[in-house]
Amino acid sequence: MSSPVITRFAPSPTGYLHIGGARTALFNWAFAKGQSGKMLLRIEDTDRERSTDAAVAAILDGLTWLGLTWDGEAVSQHARAARHQDVAHELLKRGKAYYCYCTPEELTAMRERAEAEKRPIRYDGTWRDRDPSTAPAGVKPVIRFRAPQEGETVINDHAQGRVVIPNKDLDDLIILRSDGNPTYNLSVVVDDHDMGVTHIIRGVDHLTNAARQTQIYLAMDWAVPSMTHVPLIHGPDGAKLSKRHGALGVEAYRAMGYLPEALRNYLARLGWSHGDDEIFSTEQLVEWFSLEGIGKSAARFDFAKLENLNGHYIRHTADDVLLKHFMAFLPHVEAGPELLAALDEGKQGKLLKALPGLKERAKTLVELKASANYLFAKRPLPMDERAKALLNDEGKAALAGVLPVLAAEPNWIGAELEAAVKAHAEAAGLKLGKLAQPLRAALTGTSTSPGIFDVLEVLGRDESLGRIKDQVA
RNA sequence: GCGCCCUUCGUCUAUCGGUUAGGACGACAGCCUUUCACGUUGUAAAGACGGGUUCGACUCCCGUAGGGCGCGCCA
């Protein structure tokens, strides 16, 4: 048996878990699960200025909500700085790194000059072969990696194919700052190696880093892990994902009323495919997921398709499970906490009973919440514009006509109410719609709702009759 | 500026040299119907462009155009 698969998700805690990161995590997770391997979680918090505990919490919360579990404790990259420093010094010892005494100001000037002269922006190698004894006094040096200048670095990428980058285009990157702290590319290599990561799956924005990291692996005589660089997710206009589009944290998707399984399904289909399969369970995703199924071009985020999928999942979720999802969602939406607090057992029962009719019509939990309003509204109900229009003289007359029919119903059961109302409509020479719509308005305060006889039954006799009387009077 | 990558219906994608270029979302139309949905039937809709290679290219190669990513003592 070959060595077990170990993947990792390595976000930097400078903000929430955005949608691209969520998909990267999903791919790492699905691949690891499908290979009976592990997915590790590493927090890349070496930037002490920008990393926050709140961001770490938001990322863990987002992953958890999405159902993406990681194996073992999350690793703090910053906590491993000493080991990174050791490796930097080992590189120094091997002649694969050197001290550089250029100041940040000099480097900035160098960059600006190159830009102005339209030359490639790269470190010029001032200290690469210079005698350290000529170092200026008082300047704390950084350690730079001595990158090969000839030849090329090859990345055998599972999504991108064989990517070849000329070494002359890669400069000597800083691996240890003047304050002694390691930088990203060094830390990543050391951590991935030490953590036993066998497969790196991340965004293509790391492709150039992959080349530099490959050089570091080689310099340390370490095995280079399998690499897969996943194309980016763009906004609907093809440009970079902005906040206005979908570059929101996953918690924003939760607040918009999307189900985790729907988002998982949608995200999986963005940049990855398994033939023509569109709707599949997470179990199937795990079973089917392969690196070969990942595409090469960027995908645009499409809310319409996400909504469609979400509607499908809402419809196909068992009522009791959906109720749990709904209640878990409430704390994250406006006026949700209040509703949650008011949802005692009786009201939960009522909601549960109404759910079959409601979930058929909701694409998001936000819509579900809105459509459930009538259940808990207090008499007399507020009427929206369309409901008011339905309750014109004709509508009210129709209501007055059915009222005694309904009041005479011994068993308040949907099917029986339907039979009685239909008989009444026929006797009165009215089309059912002429009765049903005013009833809907009176009972829900709106012009759209689940089937009217379901509404009657769920509301119960007293409440239904009361609401109708409110409008007839 | 330099390097790398990408390009099939509006969108997500299938196709791994030979298909009437398929599916899904969305759109439009019909059916169903007490509303809205759901469901269902159907329609429109694509290989960026130009050269090669080949008996045969969406598929392979080159170029052009457009787009993306990277080029920090950020990650």
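- Across all strands, A/Ser447 comes closer than 4.0 Å to base atoms (heavy-atom distances).
- For A/Glu115 against B/rG1, no side-chain N or O and base N or O form a donor-acceptor pair under 3.5 Å.
- Ring geometry for A/Trp272 against A/Phe289 counts as parallel: the plane angle stays under 30°, on a 0 to 90° scale with 60° as the upper cut.
- Taking atom CG of A/Asn167 as the reference point, atom P of B/rC2 lies 19 Å away to the nearest angstrom.
- The P atoms of B/rA45 and B/rC2 are separated by 42 Å, rounded to the nearest whole Å.
- A/Glu360 comes within contact range of at least one nucleobase, with a heavy-atom separation under 4.0 Å.
- Using a 4.0 Å heavy-atom criterion, one finds that A/Thr448 contacts the bases of the nucleic acid, with or without backbone contacts as well.
- Per the geometry, CD1 belonging to A/Ile174 stands 11 Å off P belonging to B/rA75, to the nearest Å.
- Between the C1' atoms of B/rU43 and B/rG26, the separation comes to 14 Å (whole Å).
- Comparing the same atom, P, in B/rU13 and in B/rA48 gives a spacing of 15 Å after rounding to whole Å.
- Computed from coordinates, the A/Ile314 CD1 to B/rA37 P distance equals 16 Å when rounded to whole Å.
- Which of B/rA75, B/rC2, B/rG10 sits closest to the side chain of A/Pro120 comes down to B/rC2.
- Base engagement by A/Cys102 is indicated by at least one non-hydrogen atom pair under 4.0 Å involving a base atom.
- When distances are taken from the side chain of A/Ser297 to each of B/rU13, B/rC6, B/rC73, the shortest belongs to B/rC6.
- In this structure, A/Tyr101 and A/Tyr99 have tilted ring planes: the angle between them lies in the 30° to 60° band.
- Between the base of B/rC36 and the side chain of A/Arg361 there is a donor-acceptor pair shorter than 3.5 Å.
- Distance from the side chain of A/Thr208 is smallest for B/rG3 among the nucleotides B/rC73, B/rG39, B/rG3.
- Donor-acceptor pairing under 3.5 Å, judged by distance alone, is present between the side chain of A/Arg440 and the base of B/rU34.
- The backbone N or O of A/Leu443 lies less than 3.5 Å from a partner atom in the side chain of A/Arg467, making a donor-acceptor pair.
- Atom CG of A/Asp169 and atom C1' of B/rC69 are 15 Å apart (whole Å).
- When heavy atoms are screened at a 4.0 angstrom cut-off, A/Ile452 is found touching base atoms of the nucleic acid.
- Remark: the separation of the C1' atoms in B/rC25 and B/rC61 is 35 Å, to the nearest Å.
- Using a 4.0 Å heavy-atom distance criterion, A/Leu207 is classed as a sugar-phosphate-only contact.
- Contacts of A/Ile121 with the nucleic acid, taken as non-hydrogen atoms under 4.0 Å apart, include base atoms.
- Between the side chain of A/Asn209 and the base of B/rA75, a donor-acceptor pair under 3.5 Å is found.
- Taking 4.0 Å as the cut-off between side-chain N and carboxylate O, A/Asp191 and A/Arg83 do not count as a salt-bridged pair.
- Minimum atom distance to the side chain of A/Gln77 is reached by B/rA75, of the listed B/rG68, B/rA75, B/rG23.
- A donor-acceptor contact under 3.5 Å links the side chain of A/Asp276 to the base of B/rG22.
- Protein atom NE2 of A/His229 is 15 Å distant from nucleotide atom P of B/rC69, rounded to whole Å.
- Between A/Leu26 and the options A/Asn265, A/Leu267, A/Leu263, a side chain to side chain contact (heavy atoms under 4.5 Å, CB included) holds for only A/Leu267.
- Each of B/rC12, B/rG26, B/rA75 was ranked by its minimum atom distance to the side chain of A/Asp47; first place goes to B/rA75.
- Side-chain nitrogen and oxygen atoms of A/Asn308 include at least one within less than 4.0 Å of the OP1 or OP2 phosphate oxygen of B/rG26.
- No N or O donor and acceptor, one from the side chain of A/Thr183 and one from the base of B/rC73, sit under 3.5 Å apart.
- When heavy atoms are screened at a 4.0 angstrom cut-off, A/Lys168 is found touching no nucleic acid atom at all.
- Note on A/Gly203: nothing from the nucleic acid sits closer than 4.0 angstrom, heavy atoms only.
- Here B/rU59 presents its P atom at 14 Å from NZ of A/Lys296, a figure rounded to the nearest Å.
- Remark: A/Ser449 is not in phosphate contact with B/rU35, judged by side-chain N or O atoms under 4.0 Å from OP1 or OP2.
- Base contact: A/Pro450 has a heavy atom under 4.0 Å from a base atom.
- Rounded to the nearest Å, the gap between the P atom of B/rU41 and that of B/rU59 is 34 Å.
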Inset, instruction - Would you sort out whether A/Tyr374 and A/Leu358 count as a side-chain contact (heavy atoms from CB on, under 4.5 Å), showing the intermediate values? - result: CA-CA 11 Å; A/Tyr374 81 89; A/Leu358 294 176; 4.2 Å; yes
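- Within the 4.0 angstrom heavy-atom criterion, only backbone atoms of the sugar-phosphate kind lie near A/Val204; the bases stay farther away.
- Within the nucleic acid shown, A/Arg386 has no heavy atom closer than 4.0 Å to any nucleic acid atom.
- Under the 4.0 Å criterion applied to side-chain N and carboxylate O atoms, A/Glu394 and A/Lys434 are assigned as salt-bridge partners.
- Regarding A/Leu107, its CG atom lies at a distance of 15 Å from the P atom of B/rC71, rounded to whole Å.
- Among the atoms of the strands shown, base atoms are found under 4.0 Å from some heavy atom of A/Phe453.
- The residue A/Val164 sits close only to the backbone: its heavy atoms come under 4.0 Å of sugar-phosphate atoms, none of a base.
- Between A/Thr46 and the phosphate of B/rA75, there is a side-chain N or O to OP1/OP2 separation shorter than 4.0 Å.
- Comparing the same atom, C1', in B/rU54 and in B/rG22 gives a spacing of 26 Å after rounding to whole Å.
- When distances run from any side-chain atom of A/Arg300 to the nucleotides B/rC38, B/rU11, B/rG1, the shortest one goes to B/rU11.
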Inset, instruction - Verify salt bridge (Lys or Arg N to Asp or Glu O under 4.0 Å) between A/Glu115 and A/Arg111, making sure each step is shown before the conclusion. - result: CA-CA 6 Å; A/Glu115 203 159 36; A/Arg111 237 185 327 270; over 6 Å; no
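- Rounded to an integer number of Å, the gap from CG of A/Leu443 to P of B/rU35 is 16 Å.
- For A/Lys305, no side-chain nitrogen or oxygen approaches OP1 or OP2 of B/rU13 to under 4.0 Å.
- Checking B/rC73, B/rA37, B/rC4 against the side-chain heavy atoms of A/Lys363 singles out B/rA37 as nearest.
- Separation of the C1' atoms belonging to B/rU19 and B/rU15 is 9 Å when rounded to the nearest angstrom.
- Counting only heavy atoms from C-beta outward, the side chains of A/Leu68 and A/Asn28 never approach each other to under 4.5 Å.
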